[in-house]
Amino acid sequence: MEPILKVENLTRVFTRKGQPDFTAVDHIGFELYPGECLGLIGESGSGKTTVVNMITRLLDATEGSIVLDGEDITQMSGKELRRAYRKMQMVFQTPTDSFDPRCTLGDGIGESLRNLGMSRAETKQEVARLLTECGLTPEFADRYPHQVSGGQCQRASIARALAVKPKLLICDEATSSLDVTIQKEIIALLNELRWQRGAKLSILFICHDIALVQQFCNRVLVLYKGRIVEQGVPDEIIRNPKDAYTKRLIESVL
Amino acid sequence: MNEPTVRIQKIRKDTVKTRLIVFGALALLLLVCSIFSEHLTPYDPYLQDLTNVKAPPSAEHLFGTDRYGRDMLSRVIVGSRTSIYSTLLLVGIVTALGTMIGVFCGWHGKWIDTVLMRISDMFLAFPGLVFAMAVAGVLGGGLQNAIIALVAISWPKYARIARSQTLAQKETSYLKAARLSGSGTWKIIFKHILPNIIGPILVTSMLDIGTMMMELAGLSFLGLGAKPPTAEWGSMMSDTRSLLSTVPWVTLAPGFAIFVSVMIFNLLGDTIRDYADPKSRGR
Ligand SMILES: Nc1ncnc2c1ncn2[C@@H]1O[C@H](COP(=O)(O)OP(=O)(O)O)[C@@H](O)[C@H]1O
Ligand SMILES: [Mg+2]
């Protein structure tokens, strides 16, 4: 089977004036297959966000390549890149900040559809459908981000990500800023979407909570100081961690 | 929050609101005056009356008459049109141009950003008005050239503000989300960046109206701006300054008008800044 996402030798070096170069992500490589949910786990500052920012091309990679659905997107820009975004979408860490404070949730969810040339009326209908699918009511389309709770906003953000029917959904700590009960609801929603879509949706799930990854992911990568120190099936890694850092990570939860 | 702080905040909020209404109304009055200036003058501002020259202020002629017997009050009122309009035009052009350059630099980054920001550094390194005088001098005076000269010295400030605001916007998740939605550069700039950064920029331009009005009058006073017979406050003052010791009201009347308008626009700018500052709104 062809991987939906293939990352090779991905590296990012930050250069800052008056300070030595800092390698935030150091030659990492992995593959993500259709229908799979891959966890990326690591403590704060280990480079998780830097990895996804490079995959979504919001940040230039210093070295390495990113192949999305058989297409090398490492050097893409402009129109080409915008076409690639129809295959890949992202859910952000802080839901309220991920919507423009001056636009309604409906505007945000429908933006990609409008960019694809859908009419205003059609977009409105589709936004209502997406909101319903994500457990909200169509009325939420007219609300502003500060008028809804974090959990509701994250549902809207998932609706926005699903609008273009992406093959790859990236969740960068999508549940970290929410409290535990809401976290469970969002995970339940993501699970439901996964089962409905089967092989049509792959998820890259970034997280720093190993228990959550164990519940949700087929496979997990452990990132430490920008390197992948361990990978495998979550249950096995938890039972039998090989790397010292992974051991500490697991002990801190148990 | 404890009781007294809440009360202080409420009082401050109320005074800011009152100030906003008062200064807003005064500024509006000035604008209306300048729009209908031709209909508000008690006498024809260009009508000479050689039987009544250099008359001191009286009930008939509130600001007196000049050396041709023209009513000074009427001339000051008519002058408001040129002075206020060209100032607003100037502020509008500077704001739009500076913001556009700044947003473009911030968004695009790379070498264009470096080049334009070095250029703006160069402009900022010169003492503003001296540079404007040089530019206006080279261009040869006239109101239009005075405006061009002042635009040339004033845009860097706006470009700087817009650029730093744009850089901050670029880091927000919602802008990243907009990029992932497949929105192009122009859509992102006009739909997401500008609406979110225009507040502080407009506050700056409000605060600048007074300064710009004075600089424009200054250039006119030096003969680098509006030229007689166009009634403009700065050139009116310059025109009559030799009479300052004998017929002071002829020079003081337009000076007073500049003083009052600059004051009103400055106070309005300050108030809008306070109003836009969330802390003084007790949020
Ligand atoms: N733009 C940047 N410039 C310099 N250093 C950065 C930048 N972005 C991230 N970093 C550094 O890279 C490291 C990884 O950050 P990040 O990817 O955000 O970690 P995580 O998402 O795992 O918490 C951190 O040490 C951070 O300080
Ligand atoms: Mg992060």
Side-chain angles (χ1 to χ4, degrees), chain A residues 49 52-53 55-60 77-103 105 107-118 123 144-146 153-154 156-158 160-161 163-164 166 168-170 172-174 177, chain B residues 99 102-115 117-118 121 161-203 272 275-279 281-283:
Chain A
T49 300
V52 293
N53 280 347
I55 293 175
T56 50
R57 300 280 292 107
L58 296 170
L59 183 72
D60 285 331
S77 62
K79 245 195 196 118
E80 272 184 324
L81 186 59
R82 292 205 282 275
R83 204 172 314 117
Y85 286 154
R86 293 184 211 166
K87 293 182 188 164
M88 147 171 87
Q89 284 292 312
M90 178 143 136
V91 178
F92 295 85
Q93 181 167 1
T94 40
T96 314
D97 296 344
S98 78
F99 282 93
D100 188 332
R102 280 165 207 278
C103 297
L105 298 180
D107 274 344
I109 298 169
E111 190 162 336
S112 55
L113 300 173
R114 298 283 293 150
N115 287 335
L116 291 179
M118 204 182 258
T123 304
Y144 286 87
H146 63 269
C153 207
Q154 200 60 299
S157 157
I158 294 171
R160 171 176 62 194
V164 290
L168 171 63
L169 182 66
I170 300 172
D172 185 6
E173 309 214 29
S177 68
Chain B
T99 306
V103 169
F104 185 73
C105 284
W107 176 258
H108 193 276
K110 309 201 179 109
W111 64 271
I112 291 192
D113 182 31
T114 316
V115 169
M117 283 303 119
R118 284 299 152 273
D121 280 344
I161 300 173
R163 178 177 176 271
S164 69
Q165 296 271 342
T166 305
L167 287 178
Q169 289 289 314
K170 242 172 126 175
E171 291 305 311
T172 62
S173 314
Y174 59 82
L175 222 74
K176 292 178 179 169
R179 284 165 77 179
L180 285 169
S181 293
S183 297
T185 302
W186 293 111
K187 184 163 179 184
I188 287 179
I189 287 179
F190 282 102
K191 189 171 173 193
H192 299 292
I193 297 183
L194 278 179
N196 279 299
I197 68 167
I198 203 69
I201 293 176
L202 284 184
V203 169
I272 288 182
Y275 189 74
D277 177 10
K279 268 176 266 155
R281 261 197 283 173
R283 254 204 264 152

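Note that the structure is a prediction, hence the values are computed from the model and not measured. Labels below follow one simple rule: chain letters A, B, ... track the order of the sequence lines, proteins then strands, and each chain is numbered from 1.
Rounded to the nearest 0.5 Å, atoms OH (B/Tyr174) and CZ (A/Arg160) are 12.0 Å apart. Taking CD1 of B/Ile188 as the reference point, atom CD of A/Glu111 lies at 7.5 Å (rounded to 0.5 Å). Residue A/Arg82 holds its CZ atom at 8.5 Å from OG of B/Ser183, rounded to the nearest 0.5 Å.
Only the backbone of A/Arg57 comes within less than 4.5 Å of a heavy atom of chain B; no side-chain atom from C-beta onward does. At a 4.5 Å heavy-atom cutoff, the contact between A/Phe92 and chain B is made by side-chain atoms alone.
B/Lys191 is not listed as a side-chain neighbour of A/Asp100, based on a closest heavy-atom distance of 4.5 Å or more. Proximity of A/Cys103 to B/His192: side-chain heavy atoms (C-beta onward) are separated by under 4.5 Å at one or more points. Residues B/Lys176 and A/Met90 fail the side-chain proximity criterion, which asks for heavy atoms closer than 4.5 Å.
The most heavy-atom pairs under 4.5 Å with chain B, out of A/Thr94, A/Asp97, A/Leu116, A/Asn53, come from A/Asp97.
The two residues B/Ser173 and A/Ser98 come nearest to each other via the heavy atoms CB-CA, 3.7 Å. Nearest heavy-atom pair across B/Ser181 and A/Asn115 is O-ND2, 2.9 Å.
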